[in-house]
Amino acid sequence: MKITYLGHATLSIETKDKTLLVDPFITGNELAKEIDINKLQADYILVTHAHQDHILDVEAIAKRTGAKVISNFEIVSYFEAKGIQGHPMNHGGKWTFDFGTVYYTNAIHSSSFPDGTYGGQPGGFVIETQNHRLYISGDTALTYDMKLIPDTIGELDLAILPVGDNFTMGIKEAIKASSFLNCSKVLGVHFDTFGYIKIDHKEAFEKFAKAKKELYLLPIGGNLKI
């Protein structure tokens, strides 16, 4: 897998045959102004919850690329009403797609669309391909449910966790989450986009290193291979 960070909590994940886009929020992010959404490829768009900073560019990208939206029932229904194809899921469920199996996991957060429409319950995903297993937590507090993921799904190669605090977990909680997940490699997201979630990068790296864990904070456009 090749994982490219597109700012905030937006990711492009390239598997062997397909490209997955996660929580596309690009045109509203000043830090990601060099990213052109008209050049992004996507076979699927995974949406963790309905907040604007996770769904802003779903419609434009899906209509241009024909990508299928994978999310909870309410979010998929919302986009299907706009003519976008989707696959609905809910907590505890899994489905095998042509790129691998997706598990829909618990998250503790809120979820509503910018127009006030109910966005269902927030969630996260485990993406399992033939060679890799990746966890995307979505916006969430630290939750003991994370312990169930390695126990019921299997060992993770990478955990993608929010680290910006205030609206989600912060650094301290992300370190604990990595222990619950039994995964020492963490890609941090949901940080620095705006004032409430700016972090001290040096301090974050030091705290992870002290806990004998590895933190990745990619520049926008930067990538990581697993």
Side-chain angles (χ1 to χ4, degrees), residues 1-15 19-26 29 31-32 35 40 42 44-49 53-54 70 99-100 102-103 105 107 109 122-129 131-143 146 149-150 153-193 197-226:
M1 284 185 181
K2 178 182 176 182
I3 303 162
T4 302
Y5 180 59
L6 300 176
H8 197 52
T10 307
L11 302 163
S12 174
I13 301 172
E14 297 174 51
T15 67
T19 298
L20 320 178
L21 194 62
V22 181
D23 287 350
F25 172 71
I26 298 167
N29 181 4
L31 301 179
I35 304 295
L40 294 178
Y44 296 88
I45 300 175
L46 281 66
V47 180
T48 61
H49 64 293
D53 60 329
H54 294 257
I70 301 172
F99 60 87
V102 174
Y103 300 77
T105 64
H109 197 58
F125 301 99
V126 173
I127 301 171
E128 183 179 67
T129 65
N131 298 311
H132 300 291
R133 195 177 288 119
L134 170 72
Y135 172 52
I136 303 167
S137 74
D139 284 12
T140 186
L142 176 67
T143 168
M146 292 172 177
I149 291 173
I153 300 176
E155 183 179 351
L156 299 169
D157 295 294
L158 181 71
I160 299 175
L161 306 174
V163 294
D165 219 326
N166 193 72
F167 297 113
T168 67
M169 291 187 289
I171 295 298
K172 178 181 177 181
E173 293 79 15
I175 291 170
K176 177 61 72 174
S178 71
S179 295
F180 284 177
L181 294 161
N182 195 28
C183 181
S184 62
K185 293 185 177 181
V186 171
L187 173 60
V189 296
H190 209 278
F191 66 94
D192 285 357
T193 315
I197 61 173
K198 288 184 178 179
I199 66 170
D200 184 324
H201 291 216
K202 182 174 181 291
E203 181 182 8
F205 286 124
E206 288 173 350
K207 287 183 176 180
F208 264 80
K210 186 176 180 180
K212 295 181 170 55
K213 299 177 188 298
E214 194 168 2
L215 173 67
Y216 301 93
L217 297 177
L218 297 175
I220 294 175
N223 64 74
L224 173 67
K225 293 182 179 180
I226 61 170

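Just so it is clear, the model here is predicted, and its values are computed rather than measured. Throughout, numbering of the chain's residues begins at 1 and tracks the sequence.
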* To do: Carefully, step by step, assess L21 and L6 under the rule side chain to side chain contact (heavy atoms under 4.5 Å, CB included).
  => CA-CA 10 Å; L21 194 62; L6 300 176; 3.8 Å; yes
* Derivation and outcome, side chain to side chain contact (heavy atoms under 4.5 Å, CB included), residues I70 and F125 -> CA-CA 10 Å; I70 301 172; F125 301 99; 4.2 Å; yes
* side chain to side chain contact (heavy atoms under 4.5 Å, CB included) between I35 and L40, intermediate numbers included -> CA-CA 9 Å; I35 304 295; L40 294 178; 4.3 Å; yes
* To do: Using the side chain to side chain contact (heavy atoms under 4.5 Å, CB included) rule, take I13 and I136 through it: C-alpha gap first, then chi angles, then the decisive distance, then the call.
  => CA-CA 11 Å; I13 301 172; I136 303 167; 3.9 Å; yes
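Considering only residues two or more places apart in sequence or on other chains, L218 meets the side chain to side chain contact (heavy atoms under 4.5 Å, CB included) condition with Y5, L187, L224. The side chain to side chain contact (heavy atoms under 4.5 Å, CB included) test applied to I153 returns Y103, V126, E128, R133, I149, not counting sequence neighbours. T19 meets the side-chain hydrogen bond (donor to acceptor under 3.5 Å, both in side chains) test with no other residue; sequence neighbours excluded. Judged as a side chain to side chain contact (heavy atoms under 4.5 Å, CB included), and not counting sequence neighbours, the contacts of A177 are L142, M146, L161, M169. For H132, the ring-ring contact (aromatic ring centres under 6.0 Å, His included) test picks out no residue, with sequence neighbours left out. For Y135, there are no side-chain hydrogen bond (donor to acceptor under 3.5 Å, both in side chains) partners two or more places apart in sequence or in a different chain. Contacts of T168 classified as side-chain hydrogen bond (donor to acceptor under 3.5 Å, both in side chains), with partners at least two apart in sequence or in another chain: none. When the ring-ring contact (aromatic ring centres under 6.0 Å, His included) test is applied to F167, the partners found at least two apart in sequence or on another chain are Y196.
From D157, atom CG reaches atom CE of M1 across 8.0 Å, with rounding to the nearest 0.5 Å. Distance check: N166 CG to F191 CZ gives 16.0 Å after rounding to the nearest 0.5 Å. To the nearest 0.5 angstrom, S12 atom OG is 8.0 Å from L20 atom CG. Rounded to the nearest 0.5 angstrom, I26 CD1 and D53 CG are separated by 12.5 Å. In this structure, H190 NE2 and T10 OG1 are separated by 9.5 Å, a value rounded to the nearest 0.5 Å.
Of all heavy-atom pairs spanning I199 and V163, the tightest one is CG2-O, 3.6 Å. Across every non-hydrogen atom of A9 and V189, the tightest pair is CA-CB, 4.1 Å. Contact detail for A107 and G124: the closest heavy-atom pair is CB-N, 4.4 Å. The nearest pair of heavy atoms linking C183 to A159 is SG-N, 3.7 Å. Nearest heavy atom pair, residue H54 against residue F25, reads N-CB, 4.1 Å. Residue A174 comes nearest to P162 through the heavy atom pair CB-O, 4.2 Å, listed as atom of the first residue, atom of the second, then distance.
The list of salt bridge (Lys or Arg N to Asp or Glu O under 4.0 Å) pairs with a residue in residues 206-222, not counting sequence neighbours, reads K202-E206, E203-K207. Sorted by first and then second residue, the salt bridge (Lys or Arg N to Asp or Glu O under 4.0 Å) pairs involving residues 159-177 (not counting sequence neighbours) form an empty list. Residues in residues 206-225 take part in no ring-ring contact (aromatic ring centres under 6.0 Å, His included) pair, two or more places apart or across chains.
For the residue pair D23/H8, the side-chain donor-acceptor check at 3.5 Å is not satisfied.
H109 has its side chain out of reach of T48: every pair of non-hydrogen atoms, C-beta onward, lies at least 4.5 Å apart. I3 places a side-chain heavy atom less than 4.5 Å from the side chain of L158.
Side-chain N or O atoms of T129 include none that pairs as donor or acceptor with a backbone N or O of G100 at under 3.5 Å.
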